[in-house]
Amino acid sequence: MPIAKISPSLLSGDFGILAAECKRMVSHGADWLHMDVMDGHFVPNITIGAPVISCLTKHLNAFLDCHMMVSHPEKWVDDFAKAGASLYCFHIEATQDASALIDQIHAAGMKAGVAVKPKTPISTVMDLGHKMDMCLVMTVEPGFGGQRFMAECMPKVKELRAKYPDLDIEVDGGIAPENIDAAAKAGANVIVAGTSIFKADDISGTIESFRTIVNTEQDLLAKK
Ligand code: DX5
Ligand code: ZN
């Protein structure tokens, strides 16, 4: 049974003190740290690259969940591996040969994730379920934090979970206390949240409650 992993999105953190923000999230109980990498082509925004990841890993010993919103994901695999990234999640829309890219990521020593945008059918990744380590089902159009959760993406999570009971399934975008139930019920177990965690009055409590809700639903799903 896949267990809950809570992955705060550092996009909502203070980039001027990024390592401290990472440590703060770990001290509040974060399992993973979600790093949004954007190149200005795949999405209309630019964030960070491997040099920043490399600086961070000198200060941290944490699982870095790198969400690559970039046009040529195969280009950066080795740089991110050298920089100390733990998981390299590329977008299915950005590659011609996802299977070869997963092999490249594994050969570089990272876990491989495959992301799908809200309008991309889940059928595009269905056959990769045994090969990828994680599937990221986007619940907003990628590019910016603070957007509204798209509940209409939940059937994709459900379909994937039905076929792959042990796969890590991540949701990203607009996740908050008011919709975590829907994501957990559909079968998501890796929870990315920027705004709702960074802006919470009680960050540890929010992370803990996301974890409890996800693990409770996973337990129910396993008994079905
Ligand atoms: C959006 C990013 C998300 C974003 C989530 O393109 O992939 O990781 O930071 O932020 P919230 O939780 O605020 O929607
Ligand atoms: Zn993301």
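For ligands, and for the atoms within them, numbers begin at 1 and follow the listed sequence. Numbering starts at 1 and runs along the sequence shown.
Counted within 6.0 Å of CG on N61, heavy atoms from surrounding residues, nucleotides or ligands total 12 or fewer; the atom is thus considered open. Atom NZ of K131 has more than 12 heavy atoms from other residues, nucleotides or ligands within 6.0 Å. Shown here is E178, whose CD atom has more than 12 heavy atoms of other residues, nucleotides or ligands within 6.0 Å.
With ring centers used as reference points, H41 lies 6.0 Å or more from H72.
Taking a cut-off of under 4.0 Å to the non-hydrogen atoms of G173, the atoms of ligand 1 that pass are 14 (O). Taking every non-hydrogen atom of P142 and a distance limit under 4.0 Å, the qualifying atoms of ligand 1 come out as 6 (O). Every atom of ligand 1 is numbered from 1 in the order shown, and the set under 4.0 Å from a heavy atom of G146 is 11 (P), 13 (O), 14 (O). If you number the atoms of ligand 1 from 1 as listed, the ones under 4.0 Å from a heavy atom of A193 come out as 12 (O). Near H67, with a cut-off below 4.0 Å to any heavy atom, the atoms of ligand 1 are 7 (O). For ligand 1, the atoms closer than 4.0 angstrom to any heavy atom of M69 are 6 (O), 7 (O). Interface of H34 with ligand 1, defined as ligand atoms under 4.0 Å from a residue heavy atom, comprises 8 (O).
A heavy-atom distance below 4.5 Å is not found between the side chains of V43 and F144.
The single protein non-hydrogen atom nearest to atom 12 (O) of ligand 1 is G194 N, 2.7 Å, given as residue, atom name and distance. Of the protein's heavy atoms, S9 OG, 2.7 Å lies nearest to atom 9 (O) of ligand 1. Protein heavy atom in closest approach to atom 13 (O) of ligand 1: T195 OG1, 2.4 Å. The closest protein non-hydrogen atom to atom 5 (C) of ligand 1 is D172 OD1, 3.5 Å. Among all non-hydrogen protein atoms, the one lying nearest atom 6 (O) of ligand 1 is G143 N, 2.6 Å. Given atom 10 (O) of ligand 1, the protein heavy atom at minimum distance is G145 CA, 3.6 Å. The protein heavy atom nearest to atom 14 (O) of ligand 1 is G174 N, 2.8 Å. Here the heavy atom of the protein found nearest to atom 1 (C) of ligand 1 is F144 O, 3.4 Å.
The shortest N or O to N or O distance between M38 and ligand 1 is not under 3.5 Å.
By the 4.0 Å N-to-carboxylate-O rule, K5 lies too far from E170 to be salt-bridged with it. Using a 4.0 Å cut-off between a side-chain N of Lys or Arg and a carboxylate O of Asp or Glu, D168 and K111 do not qualify as a salt bridge. Of the charged side-chain nitrogens involved, none lies within less than 4.0 Å of a carboxylate oxygen, so that K117 and E93 do not count as a salt-bridged pair. Ionic pairing of K223 and D219 is present here: one or more N-O contacts between side-chain nitrogen and carboxylate oxygen are shorter than 4.0 angstrom.
Judged purely by distance below 3.5 Å, without hydrogens or angles, the side chains of T47 and D36 never pair a donor atom with an acceptor atom.
Residue H67 approaches the Zn ion (ligand 2) most closely through its N/O/S atom ND1. In D172, the N, O or S atom that comes nearest to the Zn ion (ligand 2) is OD2. For D36, the N, O or S atom closest to the Zn ion (ligand 2) goes by the atom name OD1.
Screening K158, K163, K156 against I122 for a side chain to side chain contact (heavy atoms under 4.5 Å, CB included) leaves a single residue, K156. W32 pairs in a side chain to side chain contact (heavy atoms under 4.5 Å, CB included) with only one of the listed residues (V26, V190, V192), which is V190.
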